[in-house]
Amino acid sequence: MKISMLLPARGRPQYLRTSIESVFRLASHPDMIEVLVRLDDDDRHLREEQRILDTIRDARWLGAGAVEVEVGSRIGYARMHDYYESLAI
């Protein structure tokens, strides 16, 4: 059984690596964790966020855990639950 963490990210690239790294470092079974990151295609920090996520995928501490990234049009918090439900299907 995997544990999935949904992480919407926008405009705060300085927290992206810290958030993901802490999840995997604190997990007793990091191989059972998957982090699903959602980036908005109109975010002015998109390239920096993608660069950070690329370095995370190569990190030794990630182990067998997974980080999946989706880039798409802005959803906004009012419709975020629709996006989360679509992932569960």
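Between atom OG1 of residue T18 and atom CZ of residue R12 there is a gap of 13.0 Å, rounded to the nearest 0.5 Å. In this structure, CD1 on I56 lies 7.5 Å from CD on E21, to the nearest 0.5 angstrom. Considering CZ of F24 and NE2 of H29, their distance stands at 14.0 Å, rounded to 0.5 Å.
Linking ILVMFWY residues whenever their side-chain heavy atoms come closer than 4.5 Å, directly or via other members, places V67 and I3 in the same cluster.
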(Q) Under the criterion salt bridge (Lys or Arg N to Asp or Glu O under 4.0 Å), I'd like the reasoning laid out for E70 against R38: C-alpha separation, chi angles, the key distance, then a yes or no. (A) CA-CA 5 Å; E70 180 179 318; R38 169 65 188 206; 2.6 Å; yes
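Judged purely by atom type and a 3.5 angstrom limit, S22 uses its side chain to pair as donor or acceptor with the backbone of S19. In this structure, D41 contributes its side chain and V71 its backbone to no donor-acceptor pair below 3.5 Å.
Residue L6 comes nearest to L36 through the heavy atom pair CD2-CD1, 3.3 Å, listed as atom of the first residue, atom of the second, then distance. Nearest approach of S73 to D40, heavy atoms of both residues: O-OD1, 4.2 Å. I52 and P13 make their closest contact through CD1-O, 3.4 Å (heavy atoms, listed as atom of the first residue, atom of the second, distance).
A 4.5 Å side-chain heavy-atom check between L7 and I20 finds at least one atom pair inside the cut-off. Within the 4.5 Å cutoff, side-chain heavy atoms of M5 are placed close to those of V23. The closest side-chain heavy-atom distance from D43 to E49 is below 4.5 Å.
Take T55 and apply the side chain to side chain donor-acceptor pair (under 3.5 Å) test, not counting sequence neighbours, and it matches R17. For D42, the salt bridge (charged side-chain N to carboxylate O under 4.0 Å, His left out) test picks out R10, with sequence neighbours left out.
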